[in-house]
Amino acid sequence: MPLPWDFAPLASDRLRLDLLRPDDLDDLTRLQSDPEVCRYLLYEPRTREQVTEVLARDGAATRLADKGDYVQPAIRDLDGRFLGTMYFALHSLDDRTAEIGWILAPDAQGRGYATEAAGLMLDLAFGELGLHRVYAELDPRNRGSVRICERLGMRHEGHLVEHMWLKGEWTDTGHYAILEREWRANA
Ligand SMILES: CC(C)(COP(=O)(O)OP(=O)(O)OC[C@H]1O[C@@H](n2cnc3c(N)ncnc32)[C@H](O)[C@@H]1OP(=O)(O)O)[C@@H](O)C(=O)NCCC(=O)NCCS
């Protein structure tokens, strides 16, 4: 596996993925403090102070080398406007597996940006990084996120029932995954 990999920007016809920067603080705070955005995320809406810490941590996460390493690039349009963030984490080196996730600002939703950004990450995962499998975990009530997995060709591999006490209720988790050969076959 060609690791370590140091973050390099990714681009499509409409989008650019690059690292979070200190001047993203306003946009990232707007995103991560929004109760609707956070509804199906593992965390509660964050304060500006909390986002300041998160931004410093995530902006410095630039290298994939070991299990647990992650990158959290910003999704931007070609004018540089902040649209949201992607999450991509190495889950296992032996199994060449990573986890993927996505968040879009409300005014950037409904245009296919998250699916397109995830496609860029999957191209990277199964191309340059030589991974075997990428998975996503989500709250099955999060229909927008389920639809992204389906559009990407990810398989629904599991549904854990009330396995997690989260935000005052027992919560289910859906597990979706795609293999390198499946991504290539769909390309
Ligand atoms: C989950 C989330 C990213 C989904 O956003 P989204 O805008 O629906 O996803 P996409 O950017 O892929 O856009 C897909 C939608 O745009 C539409 N669309 C419009 N133009 C499009 C285009 N050119 N290409 C593809 N889709 C397009 C699609 O039809 C689709 O709408 P539909 O699902 O109603 O059919 C968003 O709701 C979100 O950020 N939620 C809060 C954070 C969150 O829950 N993250 C996931 C945690 S698991």
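Just the heavy atoms: all of them, side chains too, but no hydrogens, waters or symmetry mates, feed the values below. What you see is a predicted model; the values in this text were computed from it and never measured. As the structure lists them, so they are numbered: ligands from 1, and atoms in each ligand from 1.
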Tell me: protein heavy atom nearest [atom], and distance?
| atom | result |
| --- | --- |
| atom 12 (O) of ligand 1 | T115 OG1, 2.5 Å |
| atom 8 (O) of ligand 1 | G110 N, 4.3 Å |
| atom 48 (S) of ligand 1 | S145 OG, 3.3 Å |
| atom 34 (O) of ligand 1 | R147 NH2, 3.8 Å |
| atom 46 (C) of ligand 1 | W102 O, 3.2 Å |
| atom 13 (O) of ligand 1 | G112 N, 2.9 Å |
| atom 23 (N) of ligand 1 | R111 O, 3.6 Å |
| atom 42 (C) of ligand 1 | V37 O, 3.3 Å |

Counting only heavy atoms, which portion of [X] has something under 4.0 Å from ligand 1: side chain, backbone, both, or neither?
| X | answer |
| --- | --- |
| R151 | side chain |
| Q109 | both |
| I148 | side chain |

Before accepting this row, confirm whether a basic side-chain N of the pair [X]/[Y] lies closer than 4.0 Å to the acidic partner's carboxylate O.
| X | Y | answer |
| --- | --- | --- |
| R96 | E180 | no |
| R39 | D139 | no |
| R141 | E169 | yes |
| R76 | D18 | yes |

Q) After noting the C-alpha distance and the side-chain angles of Y70 and D58, does the key distance pass the side-chain hydrogen bond (donor to acceptor under 3.5 Å, both in side chains) rule? A) CA-CA 8 Å; Y70 70 97; D58 291 348; 2.6 Å; yes
Task: Selection residues 126-135 - residue pairs positive for side chain to side chain donor-acceptor pair (under 3.5 Å), sequence neighbours left out - done: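 Residue pairs passing side chain to side chain donor-acceptor pair (under 3.5 Å), neighbours aside: W5-E128, H91-Y135, R133-E157, R133-H175.
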Of L15, L17, V71, the residue whose pairing with M86 passes side-chain contact (heavy atoms from CB on, under 4.5 Å)
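Answer to the side-chain contact (heavy atoms from CB on, under 4.5 Å) test with M86 among L15, L17, V71: L17.
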Using a 4.0 Å cut-off to any heavy atom of [X], which atoms of ligand 1 qualify?
| X | value |
| --- | --- |
| N142 | 43 (C), 44 (O), 46 (C), 47 (C) |
| Y113 | 10 (P), 11 (O) |
| I103 | 39 (O), 42 (C) |

So, regarding Y40 and ligand 1 (criterion: nitrogen or oxygen to nitrogen or oxygen, under 3.5 Å), is there a contact or not?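 Among all N and O atoms of Y40, none is under 3.5 Å from an N or O of ligand 1.
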Q. Any N or O of L104 that comes nearer than 3.5 Å to an N or O of ligand 1?
A.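 Yes, since at least one N or O of L104 sits under 3.5 Å from an N or O of ligand 1.
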Q) Within 4.0 Å of atom 29 (O) of ligand 1 (strictly less), any protein heavy atom? A)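 No; the ligand atom in question lacks any protein heavy-atom contact below 4.0 Å.
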Can you find a pair of side-chain heavy atoms, one from T97 and one from L131, that are under 4.5 Å apart?
->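 No, their side chains stay 4.5 Å or more apart.
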Side-chain donor-acceptor distances from residues 146-154 under 3.5 Å, at least two apart:
residue, atom, partner, partner atom, Å
R151, NE, T115, OG1, 3.2
R151, NH2, T115, OG1, 3.4

- Could you go step by step and tell me if R81 and D79 meet the salt bridge (charged side-chain N to carboxylate O under 4.0 Å, His left out) rule? CA-CA 6 Å; R81 191 169 67 101; D79 294 326; over 6 Å; no
I'd like the name of whichever of L41, L138, I75, I100 reaches closest to atom 47 (C) of ligand 1 through any heavy atom.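 The option holding the nearest heavy atom is L41.
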For residues L124 and L179: do they belong to one hydrophobic cluster (side chain heavy atoms under 4.5 Å, members Ile, Leu, Val, Met, Phe, Trp, Tyr)?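 In one cluster: no.
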